[in-house]
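Throughout, protein chains are lettered first and strands after them, A, B, ... in sequence-line order, and every chain is numbered starting at 1.
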Number of protein chains: 2
Amino acid sequence: MSEKVFVSAQEVADRAGVSRSAVSRTFTPGASVSPETRRRVLEAAETLGYHVNALARGLMRNESGIVCLIVSDVATPNRSALLRELTMLLQNAGKVAMLINTDRSDGSVDQALRQAIRYRADASIILSGMPDKSIAQLCLRSGQRLVLINRDDEQPGPLRINLDDREAAGQVVTAFVRAGCRKLAFANSEAGTPSLMARERGFVAAANALGMAVSVERHGWTGYDAGKVLAQRMLTRPQRPDAVFCATDLLACGFMDAARHQFSISVPDQLCIAGFDNIEQASWSSYDLTTFAQPVSAMASKAIDWLSHSQPDNDGAVHEQSIRLHAELVWRGSIRGG
Amino acid sequence: MSEKVFVSAQEVADRAGVSRSAVSRTFTPGASVSPETRRRVLEAAETLGYHVNALARGLMRNESGIVCLIVSDVATPNRSALLRELTMLLQNAGKVAMLINTDRSDGSVDQALRQAIRYRADASIILSGMPDKSIAQLCLRSGQRLVLINRDDEQPGPLRINLDDREAAGQVVTAFVRAGCRKLAFANSEAGTPSLMARERGFVAAANALGMAVSVERHGWTGYDAGKVLAQRMLTRPQRPDAVFCATDLLACGFMDAARHQFSISVPDQLCIAGFDNIEQASWSSYDLTTFAQPVSAMASKAIDWLSHSQPDNDGAVHEQSIRLHAELVWRGSIRGG
DNA sequence: TTGTACGCGTTATCAC
DNA sequence: GTGATAACGCGTACAA
């Protein structure tokens with residue numbers, strides 16, 4: 001029975017012949033310990049295999065060092081890329097990421113947040129689909145910082161990071177028109193996310209401003225398969241579009257594949273396609289998709305910076321802030337001209 | 001100054017007119033509380049906004065409920081799919097996932113594990129590239145359960161989950177031969193992961209057993225770009241292969257794209273290709289890749305089950321175990337015949 | 001069933 | 001610079 005697994009600061013202190021406080025100070029950045037004491041403590045800690053108990057530390061400091069990442073569609077190219085950046089930067093900032101997956105049920109965001117609160121997470125970053133109105137309130141009440149990415153909610157308090165979706169959509173109209181396209185279409189999913197809807201509205205508005213109509217179709221979940229279905233619907237119409245803006249690269253890949261392999265339509269000769277996200281697959285030769293790059297690392301660093309530096313004012317609330325980042329157009333071969 | 005953010009069990013007890021232990025028992029599954037007390041506690045907790053402090057609970061129980069996911073290449077299709085399954089199952093099991101990204105430096109796995117220990121994680125699941133010999137020891141010493149996925153290390157103690165890579169590779173040789181291919185090739189990265197090397201060795205061995213030589217090439221990181229480069233090298237040789245097994249679907253996609261678009265080689269007519277992983281993109285019409293499915297959800301559930309049910313014996317060590325799962329061949333259009 | 005008292009491992013405060 | 005002591009919020013043995 002080797003029950004005793006973890007070494008405590010007291011044991012290290014005993015072995016080093018110092019007090020428990022000395023041990024604590026040794027492992028607290030910015031505390032003052034004499035070099036000699038420090039050396040002895042570190043030596044004892046090393047031989048005993050001591051590791052600071054972050055649970056106890058968090059309990060004392062009222063600061064766990066945990067940041068909660070609440071995310072749906074984890075396996076999606078865009079999400080996983082964002083996840084990678086966030087975890088990297090969090091680690092560099094000395095924080096640790098707690099990942100909560102909200103894929104299954106839909107009240108699960110609420111459940112997730114509750115979990116985060118139980119672990120006294122210092123902050124939560126939400127890159128999940130559906131909004132819950134009560135979220136911000138729940139977070140604020142728990143003194144938790146909150147970052148909302150790509151959700152243009154009208155929530156007070158947290159930091160909101162969004163892209164210029166509408167402007168981007170406008171650019172696509174211009175590009176399509178330059179390419180000589182006249183029958184514009186927009187392919188969307190039924191997710192109804194703020195950013196997806198912003199792209200749709202921006203595209204339609206810009207086209208209308210030029211006196212052009214847009215046929216809009218929505219279907220299913222925002223993925224490759226939905227893109228195929230959308231193509232099957234939109235390309236069998238009498239008035240077949242000659243240019244389609246897909247709300248997402250995944251939709252665009254599915255759309256393009258269906259157009260080429262099921263309808264033998266040549267892209268971009270007979271049909272121009274644009275996407276959004278600039279996922280890795282968009283650059284693969286089979287797609288060579290013109291799209292907009294989500295500034296993933298900028299988004300992540302804005303979020304982390306805010307978490308690290310923003311100070312709650314004397315009301316205990318943090319200054320609310322909204323950041324809009326630019327999605328840069330990446331020109332590839334799925335639109336004529338360029 | 002609304003400094004007091006978190007509600008403690010004591011405050012709930014005061015409001016409900018009971019003792020603090022009654023509150024504790026109410027939130028401890030399997031404790032005995034009278035229905036009336038329970039009701040009053042829950043009501044007080046609700047109105048006050050009480051949430052159990054998991055940090056303090058973990059401190060007491062010597063069981064944090066945290067499971068550490070140590071992973072590299074988070075944004076890779078296969079990894080993110082595994083990540084999705086693991087987080088889902090962990091949450092269902094009442095645990096919470098702590099995500100540690102080991103992409104950057106290389107001693108970072110060690111660093112990550114240390115972080116896990118500081119938070120007193122109950123277990124770590126490693127799906128990261130490079131092995132560190134000292135890992136298992138460090139974990140065991142901390143009484144931490146350890147699961148190694150797709151790393152055929154000779155480490156004692158932990159649970160090891162692997163696939164039948166060699167056998168799968170053998171199947172590919174058979175399929176290639178049936179398709180009439182005679183000049184076999186294997187495309188690999190330089191990662192040198194146990195599973196990648198197992199596929200390579202298995203393929204070469206099976207081919208040799210049939211009296212056929214295999215040209216093997218390795219290059220760069222296990223991704224799409226490396227696949228392209230490999231194609232450029234292998235398809236410009238005088239003895240151009242008529243069948244190539246790529247160690248990974250990403251490599252296969254890159255290889256196929258280069259073959260088609262740069263060399264105008266028709267797949268599968270002039271060149272048969274097989275991959276491994278069955279990432280989502282393998283099923284996309286542009287690739288339609290014959291490959292092996294990683295039984296992602298089976299792998300995840302084996303891991304989680306073991307974490308939940310395996311009991312440390314009276315030495316404090318858990319029974320070590322090695323699980324081999326079957327990678328099922330998914331027939332698609334990149335190999336002739338079928 | 002309920003309440004009291006103690007301990008978990010740490011840090012902050014305060015004398016020295 | 002150092003050491004004693006009091007918290008932090010919770011689980012639980014024990015007595016009632």
Side-chain angles (χ1 to χ4, degrees), chain A residues 3-42 44-45 48-66 94 117-122 142-143, chain B residues 3-42 44-45 48-66 115 117-122 142-143:
Chain A
E3 250 315 311
K4 196 79 184 71
V5 244
F6 288 109
V7 182
S8 75
Q10 182 63 63
E11 302 175 54
V12 177
D14 292 346
R15 192 176 215 288
V18 298
S19 77
R20 209 177 34 216
S21 327
V23 179
S24 176
R25 278 192 279 264
T26 303
F27 290 100
T28 302
S32 62
V33 204
S34 79
E36 171 58 13
T37 308
R38 181 183 188 76
R39 195 191 56 74
R40 293 173 59 184
V41 169
L42 285 179
L48 259 48
Y50 170 74
H51 300 268
V52 176
N53 189 330
L55 269 45
R57 169 180 280 180
L59 193 55
M60 263 304 299
R61 290 197 180 155
N62 246 340
E63 190 180 314
S64 60
I66 296 174
I117 292 177
R118 294 198 352 227
Y119 279 91
R120 299 299 189 261
D122 300 333
S142 315
Chain B
E3 249 314 312
K4 197 79 183 70
V5 244
F6 287 109
V7 182
S8 75
Q10 181 64 62
E11 301 175 54
V12 177
D14 292 346
R15 193 175 214 289
V18 297
S19 78
R20 204 179 48 71
S21 351
V23 178
S24 177
R25 279 191 276 263
T26 303
F27 289 100
T28 302
S32 64
V33 203
S34 79
E36 171 58 13
T37 308
R38 182 184 187 74
R39 194 190 58 73
R40 292 173 59 184
V41 169
L42 286 178
L48 259 48
Y50 170 74
H51 300 268
V52 177
N53 189 330
L55 268 46
R57 169 178 280 179
L59 193 55
M60 263 303 301
R61 290 199 183 151
N62 247 342
E63 188 180 313
S64 60
I66 296 174
Q115 187 79 300
I117 293 176
R118 298 213 330 244
Y119 279 91
R120 299 299 189 260
D122 299 333
S142 315

Return the value, rounded to whole Å, for the distance between atom CZ of B/Arg61 and atom C1' of D/dG9.
-> 13 Å
Among the nucleotides D/dG9, C/dT2, C/dT10, whichever has the atom closest to the side chain of A/Ala56 is C/dT10
Atom pair CZ/OG of A/Arg38 and A/Ser32 - distance to nearest 0.5 Å | 11.0 Å
Taking the side chain of B/Ser8 as its heavy atoms from C-beta onward, which of D/dG11, C/dT10, D/dC10 lies nearest to it?
-> D/dC10
State, without any angle test, whether A/Ser21 and A/Ser24 hold a side-chain donor-acceptor pair at a distance under 3.5 Å.
-> no
What's the CZ-C1' distance between A/Arg40 and D/dT2, to the nearest Å?
-> 12 Å
Between A/Ser32 and D/dG1, does any side-chain N or O lie under 4.0 Å from OP1 or OP2?
-> yes
How about A/Tyr50 and A/Phe27: are their ring centroids closer than 6.0 Å?
-> yes
OP1, OP2 of C/dT10 versus side-chain N and O of A/Tyr50: anything below 4.0 Å?
-> yes
Spacing of B/Leu55 atom CG relative to C/dC8 atom P, expressed in whole Å | 18 Å
Base, sugar-phosphate, or nothing for B/Val23, non-hydrogen atoms under 4.0 angstrom?
-> nothing
Out of curiosity, B/Thr28 OG1 to B/Arg61 CZ, how far, rounded to the nearest 0.5 Å?
-> 5.5 Å
Atom-to-atom span, CZ of B/Phe27 to P of D/dC10 - whole angstrom | 9 Å
For A/Ser21 and C/dA12, is the shortest distance between a side-chain N/O and OP1 or OP2 below 4.0 Å?
-> no
Rounded to the nearest angstrom, tell me the gap between atom CD in B/Gln10 and atom P in D/dC10.
-> 10 Å
Starting from P on C/dG9, measure out to CG on A/Leu48 and report it in whole angstrom.
-> 13 Å
Is there a side-chain polar atom (N or O) of B/Ser24 under 4.0 Å from OP1 or OP2 of D/dG11?
-> yes
Give a yes or no on whether a donor-acceptor pair under 3.5 Å exists between the nucleobase atoms of D/dG9, that is its base, and the side chain of A/Arg120.
-> no
Mind checking whether B/Glu11 and B/Arg15 have side chains closer than 4.5 Å, heavy atoms only?
-> no
Taking for B/Met60 and for B/Glu36 the nucleotide of DNA chain C with the nearest heavy atom, the one nearer the 5' end belongs to B/Glu36
Taking atom types as they are modelled, is there a donor-acceptor pair under 3.5 Å from the base of D/dG1 to the side chain of A/Arg38?
-> no
Between OH of A/Tyr119 and C1' of D/dC8 the distance, given in whole Å, is 18 Å
Length of the line joining A/Arg25:CZ and D/dG1:C1', which is rounded to integer Å | 7 Å
Closest of C/dT1, C/dG9, D/dG1 to the A/Leu59 side chain is C/dG9
Counting only side-chain N and O atoms of B/Arg57, is one of them less than 4.0 Å from OP1 or OP2 of D/dC10?
-> no
Distance check: side-chain N/O of B/Ser19 vs OP1/OP2 of C/dG3, anything under 4.0 Å?
-> yes
Are the side chain of B/Asp122 and the backbone of B/Glu63 linked by a donor-acceptor contact shorter than 3.5 Å?
-> no
